[in-house]
Protein chains: 2
Amino acid sequence: MATIKDVAAAAGVSVATVSRVINNGPKVSDKNRAKVKQVMVDLGYRPNANARALVTQSSPTLGLVFSELTDPFFATLAGGVEKIAREHHRQLLISNGLVSADTERQAIETLLEQRCEALVVHSKALSDDELIAYAEANPAMVLINRHIPQIAHRCVWLDNRAGGEAAGRYLMSLGHQKIACVSSRYHIEDPQLRLEGLQQALAEAGQPLADIAIEHGDPNQTGGEVATQNLLSKNLGATAIVVYNDAMASGVISVLTDNGYRVPEDVSVIGFDDVLLSRYLRPKLTTMRYPIEMMAMEAAEMALSLSSGKSVSDCHKYVPTLVKRDSVLALRG
Amino acid sequence: MATIKDVAAAAGVSVATVSRVINNGPKVSDKNRAKVKQVMVDLGYRPNANARALVTQSSPTLGLVFSELTDPFFATLAGGVEKIAREHHRQLLISNGLVSADTERQAIETLLEQRCEALVVHSKALSDDELIAYAEANPAMVLINRHIPQIAHRCVWLDNRAGGEAAGRYLMSLGHQKIACVSSRYHIEDPQLRLEGLQQALAEAGQPLADIAIEHGDPNQTGGEVATQNLLSKNLGATAIVVYNDAMASGVISVLTDNGYRVPEDVSVIGFDDVLLSRYLRPKLTTMRYPIEMMAMEAAEMALSLSSGKSVSDCHKYVPTLVKRDSVLALRG
DNA sequence: CATCAAACTGGAAACGTTTACCTAGATCGC
DNA sequence: GCGATCTAGGTAAACGTTTCCAGTTTGATG
């Protein structure tokens, strides 16, 4: 592969001049500029990004650590980051953290070795302390979907608790009194907070959520199916089910339907996330919207700003909003 | 950020020795090895990947060019490539080609500047000739979802025509005689070939597909809805519809249902791709499976093999297979 | 005790750029 | 015609590694 020296030799100029042409720098005559450009295409010259990064001490890249490309939620997240990277002409580097502390650490380390200019990290497995340490060592790192008070200005996060509350309040406002919940069995904070929010809203209204009305399962369609089967066999007579996410909700609806319950006439179902899926389901899913693409875009913008020394605003909290579709019915009014 | 020299100085050895420790090379005493390792963690030293890539003339990275992270189909593709990259400890670089020739070219160029070790490219906009030129200049580049005879051994592709044929034959074997088609309005080869396959199968059976029974639309839910509305208003009395992909099929089913047609009792629907979605729809979608993850994994493996000088086998053609679910009904038998 | 190989260690060149600094010529005002 | 001022262009150092080659120990052997 041709180097800058080859180009310089072939064009009869010095490497400095070629470099100036590459970077659209000043101090080169139109004649030489044209000549060099011609030689570059003749030789199929392509500047070596690594050499550049080495000498300039920074490479125009944006690193992203997260887990599952295949999951629509994460795909949307990645899509948002990619969009910003593209707008800023930054190369996107992706590292999968799976959801294990070792892998997440490994993924961050790899990206740091690449000397990424900016970093967006989705970590569920690493401890607050470890993430704080990384953040301090790396001024252009931003966390997404996580809230750590000590570095709050570098966190873009969703108020999961408020989402749980809102879902509960909404159902109660429609007259629902017997409410059940299908949650995720993973011990991360998101399901925990959503559930707490729901419990709080119901408790404040004097209709506390009984533990027996809560089922846990894998946060996917099958998990939703199993949890709903368990719920139904307890014969609690719930008129509404608050579900951890849309994928589980699809399983919930599916099992309800198979067992002769009509959604929403007999049982209302409310999801969480508002991923693509929710519009494809029948009935179309009423759900709490997780504006993940917007959040991902902000996180990417923030990381890029930080990398160029700009400061960013303090609060990056988002709140889930209710999206009314067809899976919830009013019991009165 | 600490460099190898800092480590060498702090450990009282030469940079050569530190380098050997970093690379687990031989010829360094246990004493020094331990000492250097200790200093590395003390200083928070991280080798500079760019410097490494520069001197070794290759960087352990796998580049991927494709379009829409947010689309479940492409997300699955990316997921497959990512999996292989991870297994081989390769950093994944992603560039979006949108679906424009300029952007696709730009995306490939950027990746080449990064001196990626291997390259997987999904291109629909660039010409055969241009891709052939890239492939020749770059021995470790593999094309996915495209078949160019001159460089067939570097193409991983799906036989779209065979898929169209199979869908048609299947419906006819169930007694369907009035078959309609909802296709994509994009002028790329995939929809064209699927349609041709379908037409051929029907023609061979003596029940050619009338042009009036073909509608085109955007390859998404809305496109499927619009196309179906158009189809219905022609009042052709079709008992089955072959649809370009699953997203469109969801729109097709939705409009059919809204207009009082039961699926599959009144009208059968068959999709294409078998993305996640098809299992969430009601009725569950019968579709032609596009084994994109498997194909993406093979493409990535191939690119990596080629980059290390190994040769790869000749034929990488995949064939869509029928996945029977609940959206198709037998008219007899 | 001299010799030799093996094991370890260090010096220095090289990778492909960017850029600070310098030089030579051209232009200009007087 | 002369110094001052510009301008285009070149020289060379630097970035952080790897690795070849040439030492220098060390311990065993004759």
Side-chain angles (χ1 to χ4, degrees), chain A residues 1-40 43-61 89 91 109-117 138, chain B residues 1-40 43-61 91 109-117:
Chain A
M1 172 134 290
T3 75
I4 199 174
K5 287 180 195 165
D6 301 328
V7 176
V13 299
S14 74
V15 294
T17 300
V18 178
S19 176
R20 286 190 267 258
V21 172
I22 295 173
N23 297 292
N24 280 314
K27 302 208 288 184
V28 30
S29 65
D30 291 352
K31 181 168 133 288
N32 271 347
R33 197 179 291 274
K35 171 96 196 207
V36 168
K37 280 190 174 166
Q38 183 57 49
V39 171
M40 289 200 299
L43 264 49
Y45 169 73
R46 258 182 283 274
N48 184 320
N50 292 303
R52 269 181 138 157
L54 180 58
V55 67
T56 60
Q57 298 280 54
S58 94
S59 74
T61 55
H89 299 103
Q91 175 62 53
E109 293 284 345
T110 314
L111 257 19
L112 291 178
E113 289 183 8
Q114 302 283 341
R115 300 296 189 268
C116 280
E117 190 180 287
N138 206 280
Chain B
M1 172 135 289
T3 74
I4 199 174
K5 287 180 195 164
D6 301 329
V7 175
V13 299
S14 73
V15 294
T17 300
V18 178
S19 175
R20 285 190 268 258
V21 173
I22 295 171
N23 296 291
N24 279 315
K27 303 205 289 186
V28 32
S29 64
D30 290 351
K31 181 169 133 289
N32 272 346
R33 195 180 294 272
K35 171 95 197 210
V36 168
K37 282 191 171 166
Q38 182 57 49
V39 171
M40 290 200 298
L43 264 49
Y45 169 73
R46 256 182 286 273
N48 184 319
N50 292 304
R52 266 181 142 157
L54 180 59
V55 66
T56 60
Q57 299 279 54
S58 95
S59 74
T61 56
Q91 176 63 52
E109 292 285 345
T110 313
L111 257 19
L112 292 178
E113 288 182 8
Q114 302 283 340
R115 301 296 189 269
C116 280
E117 191 179 287

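Scope of the values below: all heavy atoms of this structure, side chains included, with no hydrogens, waters or symmetry mates. In what follows, chains are A, B, ... by sequence order, proteins preceding strands, each numbered from 1.
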For the pair made of [atom1] in [X] and [atom2] in [N], what is the distance, rounded to whole Å?
X: L54(B); N: dG16(D); atom1: CG; atom2: C1'; value: 9 Å
X: N24(A); N: dT18(C); atom1: CG; atom2: P; value: 12 Å
X: K27(B); N: dT26(D); atom1: NZ; atom2: P; value: 18 Å
X: R20(A); N: dT11(D); atom1: CZ; atom2: P; value: 11 Å
X: D30(B); N: dC8(C); atom1: CG; atom2: P; value: 8 Å
X: R33(A); N: dA8(D); atom1: CZ; atom2: C1'; value: 11 Å
X: I4(B); N: dG10(C); atom1: CD1; atom2: P; value: 12 Å
X: K35(B); N: dC8(C); atom1: NZ; atom2: P; value: 18 Å

Where [X] and [Y] come nearest, the two heavy atoms and their spacing:
X: S58(A); Y: E117(A); value: OG-OE1, 4.3 Å
X: R20(B); Y: K27(B); value: NE-O, 4.1 Å
X: V15(B); Y: I4(B); value: O-CD1, 3.8 Å

d(Q114(B) CD, S59(A) OG) to nearest 0.5 Å is 7.0 Å
Please state whether the phosphate of [N], meaning OP1 or OP2, lies under 4.0 angstrom from any side-chain nitrogen or oxygen of [X].
X: S14(A); N: dG10(D); result: yes
X: Q57(B); N: dG16(C); result: yes
X: S29(A); N: dT7(D); result: no
X: N23(B); N: dT18(D); result: yes
X: N32(B); N: dT9(C); result: yes
X: R52(B); N: dG16(D); result: no

Looking at every strand, decide which applies to [X] at a 4.0 Å heavy-atom threshold: base, sugar-phosphate, or nothing.
X: R46(B); answer: sugar-phosphate
X: P47(B); answer: sugar-phosphate
X: N50(B); answer: nothing
X: S19(B); answer: base

Earlier contact from the 5' end, DNA chain D, for K5(B) and T17(A): T17(A)
Which is more 5' along DNA chain C, the nucleotide nearest N48(A) or the one nearest A16(B)? Just name the residue. A16(B)
Donor-acceptor contact present, side-chain T56(B) to main-chain R52(B), <3.5 Å: yes
